[in-house]
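The chain is numbered in sequence order, starting from 1.
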Amino acid sequence: MGTDIPKQYQAIMGKPVLIYTLEQLQSCEAVGGIVVAAAREWHEQILRWKAEYGLTKLRAPAPAGRDRQGSILNGLRALRPFLTGSRDGVVVQDAVRPLASADLMIRLLQGLEEAPGVLPVLPVTDTAYTSRDGRWVDGLLERSTLYAGQAPEAFRYQAYLRLYEETPPEVLSTMSGSCQLPYSRGWKVKMIPGEHENIKITYPSDLELCEKLLRKRELVP
């Protein structure tokens with residue numbers, strides 16, 4: 001982003017990106033509680049936002065980990081007092097995906113009836129090449145078999161937490177997406193249709209696009 005403020009706290013029309021994301025979770029009837037894994041210096045601010053924006057489902061923030069996987073583990077542990085059933089589901093969301101709909105989260109959780117992990121995807125529409133050095137094409141992938149994964153993703157909570165707690169930190173640190181660890185351990189991961197507007201804010205231009213999409217949805221005046 002080129003700024004000192006992390007992208008999830010950047011403002012769109014006066015409201016932090018994180019709050020849009022949390023409001024979508026708050027609006028989903030299937031979501032009973034929310035935990036935010038965040039750097040400790042942001043905890044007090046997050047609690048102020050909780051009161052300001054009426055985020056009644058938000059629990060106390062959890063500490064951030066050294067990386068994404070460590071943050072997921074800390075968030076999962078923070079949910080332990082609230083999720084005790086063997087088939088309870090958990091949704092893992094990126095703070096910088098403020099446009100994921102409540103309907104998508106419901107479909108993810110419904111997918112847990114068939115599989116222990118559920119991932120939203122979009123078909124890859126561009127021709128995909130491989131290159132070992134980043135300069136010369138050395139392969140072509142079969143586009144019909146390629147899908148781009150999105151967040152949020154859903155998992156059966158108890159099994160997912162146990163998997164993370166049993167995996168050494170040095171192994172966790174080699175993982176990227178939320179589904180990578182369970183898939184690598186032989187879990188069946190179900191794919192469901194993702195959403196084209198479920199963008200991940202990475203560059204400054206993404207903030208502008210997000211604002212346009214929010215106005216289109218009439219989520220803001």
Side-chain angles (χ1 to χ4, degrees), residues 21 24-25 28-37 57 62 65 67-97 99-128 130 139-200:
T21 304
Q24 290 297 91
L25 290 162
C28 181
E29 293 182 0
V31 174
I34 306 166
V35 165
V36 176
K57 294 181 181 180
D67 51 30
R68 174 187 172 85
Q69 302 305 319
S71 292
I72 290 175
L73 175 56
N74 289 347
L76 293 172
R77 284 172 167 165
L79 286 169
R80 189 179 270 131
F82 310 105
L83 296 176
T84 57
S86 62
R87 296 186 69 82
D88 285 345
V90 62
V91 171
V92 180
Q93 173 63 310
D94 294 334
V96 291
R97 285 188 183 269
L99 295 170
S101 71
D103 176 71
L104 175 58
M105 289 172 244
I106 290 172
R107 290 190 289 113
L108 285 166
L109 291 168
Q110 289 173 339
L112 293 178
E113 297 175 5
E114 300 180 34
V118 188
L119 167 72
V121 300
L122 293 175
V124 172
T125 57
D126 293 323
T127 303
T130 62
L140 177 68
L141 300 178
E142 177 52 55
R143 186 173 61 189
S144 64
T145 67
L146 300 179
Y147 295 84
Q150 295 183 323
E153 296 136 292
F155 306 93
R156 291 178 187 160
Y157 171 73
Q158 297 292 347
Y160 195 54
L161 171 61
R162 185 164 56 250
L163 181 62
Y164 263 75
E165 290 191 320
E166 292 174 351
T167 303
E170 60 272 17
V171 176
L172 276 180
S173 66
T174 66
M175 304 288 175
S176 54
S178 306
C179 279
Q180 186 174 353
L181 177 60
Y183 175 75
S184 72
R185 295 297 187 270
W187 283 33
K188 294 291 186 180
V189 178
K190 177 179 175 63
M191 298 193 305
I192 66 169
E195 297 176 334
H196 288 282
E197 291 189 356
N198 180 22
I199 63 171
K200 181 179 180 181

query: Is the shortest side-chain N to carboxylate O distance from Arg185 to Glu166 below 4.0 Å?
result: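 Glu166 and Arg185: not salt-bridged.
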
task: Answer whether the closest heavy-atom distance between the side chains of Asp88 and Gln158 falls below 4.5 Å.
output: no

query: Do Asp94 and Arg68 come close enough that some side-chain heavy atom pair is under 4.5 Å?
result: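 Yes, close enough: below the 4.5 Å cut-off.
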
Minimum heavy-atom distance between Ala62 and Val35, given as atom pair plus value: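 Here Ala62 and Val35 meet closest at CB-CG1, 3.8 Å.
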
- prompt: What are the two closest non-hydrogen atoms of Arg156 and Arg87, and how far apart are they?
  reply: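 That closest heavy-atom pairing would be NH2-NH2, 3.3 Å.
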
- prompt: Which of these, Val121, Ile199, Asn198, sits in a side chain to side chain contact (heavy atoms under 4.5 Å, CB included) with Gln150?
  reply: Asn198

- request: For Leu108 and Pro152, work out which heavy atoms get closest and say how close.
  value: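 Closest pair (atom of Leu108, atom of Pro152, distance): CD1-O, 3.3 Å.
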
field: Point-to-point distance, once rounded to the nearest 0.5 Å, from CD of Gln69 to CG of Leu181
entry: 7.0 Å

field: Exercise: identify the closest heavy-atom pair between Ala30 and Leu109
entry: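 So the minimum-distance heavy-atom pair works out to CB-CD1, 3.7 Å.
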
statement: Rounded to the nearest 0.5 Å, the CG atom of Leu161 sits from the OH atom of Tyr164 at a distance of 11.0 Å

Please tabulate, one pair per line, all N/O donor-acceptor pairs under 3.5 Å involving side-chain atoms of residues 188-196, not counting sequence neighbours.
{"from": "Lys190", "atom 1": "NZ", "to": "Glu114", "atom 2": "OE1", "distance (Å)": "3.4"}
{"from": "Glu195", "atom 1": "OE1", "to": "Ser101", "atom 2": "N", "distance (Å)": "3.2"}
{"from": "Glu195", "atom 1": "OE1", "to": "Ser101", "atom 2": "OG", "distance (Å)": "3.4"}
{"from": "Glu195", "atom 1": "OE2", "to": "Ser101", "atom 2": "OG", "distance (Å)": "2.4"}

- line: CG of Leu146 to CG of Leu141, rounded to nearest 0.5 Å, is 5.5 Å

- prompt: What heavy-atom pair brings Phe155 and Ser178 nearest, and what distance separates the two atoms?
  reply: CZ-O, 3.5 Å

- prompt: Any idea which heavy atoms bring Leu104 and Pro120 closest together, and the distance?
  reply: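 Where Leu104 meets Pro120 most closely, the heavy atoms are CD1-CB, 4.0 Å.
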
- request: Could you grab the distance from atom CD1 of Ile72 to atom CD of Glu153, nearest 0.5 Å is fine?
  value: 7.5 Å

Point-to-point distance, once rounded to the nearest 0.5 Å, from CD of Gln110 to CG of Asp103: 8.0 Å

query: What is the distance from atom CG of Leu25 to atom NZ of Lys57, rounded to the nearest 0.5 Å?
result: 8.5 Å

message: What I'd like to find out is whether the side chain of Tyr160 reaches to under 4.5 Å of the side chain of Val92, using heavy atoms alone.
response: yes

- prompt: How would you list, by chain and number, every residue that makes a ring pair (Phe, Tyr, Trp, His ring centres under 6.0 Å) with Tyr157, sequence neighbours excluded?
  reply: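 Testing Tyr157 for ring pair (Phe, Tyr, Trp, His ring centres under 6.0 Å), a comparison that skips the adjacent residues, returns none.
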
- prompt: Taking only residues two or more places apart in sequence, or in another chain, which ones meet Glu29 in a salt bridge (Lys or Arg N to Asp or Glu O under 4.0 Å)?
  reply: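 Listed in chain order: nothing, the list is empty.
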
